[in-house]
There are 2 protein chains.
Amino acid sequence: MSATNEDTIANRICRILAERIVTGELEPGAKLRQDHIAEEFGTSHVPVREAFRRLEAQGLAVSEPRRGVRVASFSLEEVREVAEMRAALEVLALRHAAPHLTPSILNQAEEATVEADNARDVRSWEGANRRFHRLLLTPCGMPRLLAAIDDLHAVSARFLFATWRSDWEVRPDHDHRAILAFLRQGRTENAAAVLERHVQRIGQKPVKNASGGAFAIVG
Amino acid sequence: MSATNEDTIANRICRILAERIVTGELEPGAKLRQDHIAEEFGTSHVPVREAFRRLEAQGLAVSEPRRGVRVASFSLEEVREVAEMRAALEVLALRHAAPHLTPSILNQAEEATVEADNARDVRSWEGANRRFHRLLLTPCGMPRLLAAIDDLHAVSARFLFATWRSDWEVRPDHDHRAILAFLRQGRTENAAAVLERHVQRIGQKPVKNASGGAFAIVG
DNA sequence: GATTCAGATATTATCTATAATTTCGTCGCA
DNA sequence: TGCGACGAAATTATAGATAATATCTGAATC
């Protein structure tokens, strides 16, 4: 039951590098040296290069011919761009998913919200948050749309992890609950409207809170 | 000034294969054999494999580990999905581009519309149509969004070329003119609404017209 | 006559090696 | 001491070769 059999090496490298980039373990602008990575994974550089191409397509790395591959940098502007794209696409997905949402799915989404509210660190909050969004959108049955949203989620998560390196405070997520409430009433358009505002908040510029720390609103 | 210098071989292979897939020269489901392609381009198979990864990311090819790469098949459902994504993203792009649209740009877009209306074959119509959309959207200054739209355009074009293999009739594009008229008046939201409907029509199922031929509405 | 198993063939995924390009450090000179 | 050019090291891009896997063909058996 080893993952090596169903997955190609390039895939595994891609997945692991993507995780490192998203979590911030690999910082923006850091060089990705194929020989080093190949050595780390005990492979040659060929699968590493293939993994690079996929990371490039996901927007997590940028490659300049003959000058190597670097972890993509991301400006606040870019984060806002991704937020707007996510808002547009998630709303689309939600509209198509709504007719297929069952009480069971909505309950699972509520559980994810509770879990997010009780999360003690960013990592677990992000996991629960992503599960919430995925649960509601997957039933739309549009694979390409979902894949695009997933890629955008990864970039959002990057921003999230970069902003909250260690300090994280528990905040109940009113938007998620409002979305669930509307969906339970069959008011899809209201839910979509909340979702749109909710996701767009990701890119809002960091604001100072009472304790003086820099905070950004996330979704 | 050869393109070989600024572009990697993998890029060139990717571009040429993408064109073949889009134009229908390579049919859906066709196997892409790396050794054959490598031989054709006079290279080894390594850059070919890298090109495959990019085609995969663009949704033009699908790869099963150890079983090779095939030209992606596309159902009417998938075309509709792409149309909806395009509609959502192009509307977003247009909203951000509108403030930066100059009379010069709008005039160029009008020229593109005229050119499309006079196009005698699908290829040239598609080129002019794409130029129209690109002219209006590029000023939004959101590179990732534009790249995503470009990829979706490619899939739309595939459907277009597959539907009109040879027969093509000239039809004036009222939507394009309406969009331009609204933009000239600064009525961005009206323009966006027309654009949204316009793009969504791509995926509408083919209908019979008076002469009995099968037609699909495109945009 | 259909089905299954085995061998042959073709293709993929990977590794090792080579050529070319870039970068970085150092040395010389003003 | 600062600037520029040269050279060495590192890295990328490609080529050729190898092992593993899937597909196809055909025959033998039920």
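Letters go in sequence order (proteins before strands), and every chain restarts at 1. Keep in mind the model is a prediction, meaning the values are calculated, not measured.
Within the structure, every side-chain polar atom (N or O) of B/Arg67 is placed at least 4.0 Å from both OP1 and OP2 of C/dT12. Under 4.0 angstrom from either OP1 or OP2 of C/dT14 there lies at least one side-chain N or O belonging to A/Thr8. Look at A/Arg49 and you won't find any side-chain N or O under 4.0 angstrom from OP1 or OP2 of D/dT12.
One atom, CD of B/Glu64, and another, C1' of C/dA13, lie 15 Å apart when rounded to the nearest Å. The nearest whole Å value for the distance from the CG atom in B/Asn11 to the P atom in D/dT12 is 16 Å. The distance from atom CZ of B/Phe52 to atom C1' of C/dA13 is 13 Å, rounded to the nearest whole Å. The CG-P distance, from B/Leu32 to C/dA13, rounds to 12 Å in whole Å. One atom, CZ of A/Arg53, and another, C1' of D/dT14, lie 13 Å apart when rounded to the nearest Å.
Within the 6.0 Å centre-distance limit, the rings of B/His133 and B/His198 are counted as a close aromatic pair.
Both B/Lys31 and B/Val46 lie close to DNA chain C; mapped to their nearest nucleotides by heavy-atom distance, the more 5′-ward contact belongs to B/Lys31.
Sorted by first and then second residue, the salt bridge (charged side-chain N to carboxylate O under 4.0 Å, His left out) pairs with a member in residues 22-34 of chain B read B/Arg20-B/Glu25; sequence neighbours excluded. Applying the salt bridge (charged side-chain N to carboxylate O under 4.0 Å, His left out) test to pairs two or more places apart or on separate chains, those with a residue in residues 87-101 of chain A are A/Arg86-A/Glu90, A/Arg95-A/Glu189.
For the side chain to side chain contact (heavy atoms under 4.5 Å, CB included) test, residues two or more places apart in sequence or in another chain that qualify with B/Ala97 are B/Pro139, B/Cys140. Under the side chain to side chain contact (heavy atoms under 4.5 Å, CB included) criterion, B/Arg123 pairs with B/Glu19, B/Thr23, B/Asp121, B/Phe161, not counting sequence neighbours. Looking at residues two or more places apart in sequence or on another chain, you find a side chain to side chain contact (heavy atoms under 4.5 Å, CB included) between B/Thr138 and B/Arg134, B/Leu146. The side chain to side chain contact (heavy atoms under 4.5 Å, CB included) check on A/Ala154 picks up A/Val22, with sequence neighbours excluded.
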Protein-nucleic acid N or O pairs under 3.5 Å, nucleotides 17-20 of chain D:
unit_1	atom_1	unit_2	atom_2	d
D/dA17	N6	B/His45	NE2	3.3

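Within residues 33-43 of chain A, the residues that have a heavy atom under 4.0 Å from DNA chain D are, in order of number, A/Arg33, A/Gln34, A/Asp35, A/His36.
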For residues 53-66 of chain B, tabulate all N or O donor-acceptor pairs below 3.5 Å that involve a side-chain atom, not counting sequence neighbours.
unit_1	atom_1	unit_2	atom_2	d
B/Arg53	NE	A/Glu50	OE1	3.3
B/Arg53	NH2	A/Glu50	OE1	3.3
B/Arg54	NH1	B/Asn11	OD1	2.1

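Between atom CZ of residue B/Arg144 and atom CD1 of residue B/Ile149 there is a gap of 13.0 Å, rounded to the nearest 0.5 Å.
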